[in-house]
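We count residues from 1, following the sequence as given. Counting starts at 1 for both ligands and their atoms, following the listed order.
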Amino acid sequence: MSADFAALLQTIAAEVTALPPEGDVADYIPALARVAPDQFGIAVATVDGRLFRTGAADTPFSIQSISKLFALALALQREGDALWRRVGREPSGTPFNSLVLLERERGIPRNPFVNAGALVITDVLCRRFLQPERAVLEFVHRLLGRTSVGIDADVARSERRHSDRNAAIAHFMRSFGNLQAEVGAVLDAYCAHCAIAMSCAELAEAALFLAADGRQPGGARVLDAADARRLNALMLTCGAYDAAGDFAFRIGLPTKTGVGGGILAIVPGRLSVCAWSPRLDANGNSVAAAEALERFAAAAGVSIFG
Ligand code: GLU
């Protein structure tokens with residue numbers, strides 16, 4: 001039986017919410033600028049079926065880039081290793097929405113978690129599914145075993161109306177032949193899957209397969225064990241953009257962050273943990289959620305580096 005994390009989560013929530021607020025909510029997507037900034041939640045799901053949560057752990061928020069993880073897992077299921085001809089596996093050292101490396105690297109994004117890489121993954125899904133964003137949503141439903149999660153249409157519309165930068169990235173990659181669908185269709189699907197709304201508890205539960213060698217809690221296989229391991233490696237090296245090194249140093253776990261303020265972390269073999277708080281640092285990562293995960297990894301002794 002796994003450890004009881006209830007008291008630890010409460011202590012962390014009390015400590016982190018007592019810190020002076022730092023950072024700002026994302027405002028380049030207008031609908032996200034309206035979110036109350038000082039909310040905080042954290043949830044832990046263990047591979048032996050326990051769920052611990054505290055604070056606003058059941059409040060749905062915009063998962064944004066955390067959706068790139070689900071999109072990638074789904075694309076890997078369908079496309080297998082052929083995917084890696086179109087997207088790399090190296091940290092970029094540049095902001096999540098940067099264009100600078102794309103010209104030098106001939107339209108091949110550094111990794112699937114920077115926006116360029118996620119747009120390529122979404123392009124793969126556009127070819128495989130008539131409604132790619134629904135395919136991502138239904139994949140999440142299968143992971144959760146329920147259909148309680150949806151796409152926030154306001155957030156999707158708001159991002160789509162302000163997607164000039166992602167449009168530029170997509171057109172640029174298309175000019176190199178690394179985008180097959182129409183740019184508009186890829187952006188529609190991308191903005192919609194980024195706008196999936198989930199709570200910390202739902203994200204921790206949905207991501208458990210990454211802590212369990214690619215299997216869901218009931219035993220169903222999502223990815224083979226090698227792909228689950230590779231996804232964790234990508235999260236560790238690329239999941240927090242150009243703060244990935246700092247996150248490995250501070251937290252020591254595979255993580256995926258989103259500009260909605262969520263951070264999901266995996267403890268292979270044991271659990272998944274998700275913290276959420278909307279104020280972001282300059283890299284677009286939640287300040288309080290990172291702080292909470294740093295404290296959790298240290299106190300529970302679960303860093304992958306011992
Ligand atoms: N939908 C966001 C964008 O494309 C995702 C960024 C993020 O969460 O890091 O800008």
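The contact set between ligand 1 and N115, taken as ligand atoms under 4.0 Å from a residue heavy atom, comprises 3 (C), 4 (O), 10 (O). Ligand-side atoms of ligand 1 in range of E159: 1 (N), 2 (C), 3 (C), 4 (O), 10 (O), range being under 4.0 angstrom from any heavy atom. Ligand-side atoms of ligand 1 in range of G258: 8 (O), range being under 4.0 angstrom from any heavy atom. Each of the following atoms of ligand 1 lies closer than 4.0 Å to a heavy atom of C194: 1 (N).
Taking the six-membered ring for Trp and thresholds of 30 and 60 degrees, F70 and F139 have ring planes more than 60 degrees apart, a perpendicular arrangement.
By the 4.0 Å N-to-carboxylate-O rule, E79 lies too far from R86 to be salt-bridged with it. The pair E138-R142 fails the salt-bridge criterion, with no side-chain N (NZ, NE, NH1 or NH2) lying under 4.0 Å from an Asp/Glu carboxylate O.
Of all protein heavy atoms, the one closest to atom 7 (C) of ligand 1 is S65 OG, 2.7 Å. Of all protein heavy atoms, the one closest to atom 2 (C) of ligand 1 is Q64 OE1, 3.1 Å.
Contact annotation for N166 and ligand 1: only side-chain heavy atoms (C-beta onward) come within less than 4.0 Å of the ligand.
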Stepwise side chain to side chain contact (heavy atoms under 4.5 Å, CB included) check, H141 with V149: CA-CA 7 Å; H141 289 166; V149 165; 4.1 Å; yes

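Considering R157, R160, R161 as possible partners of D188, the one that fulfils the salt bridge (charged side-chain N to carboxylate O under 4.0 Å, His left out) test is R160. When each of L8, T54, V16 is checked for a side chain to side chain contact (heavy atoms under 4.5 Å, CB included) with I42, only T54 meets the rule.
Nearest residue to atom 4 (O) of ligand 1 from Y241, Y28, Y190 is Y190 (criterion: closest heavy atom).
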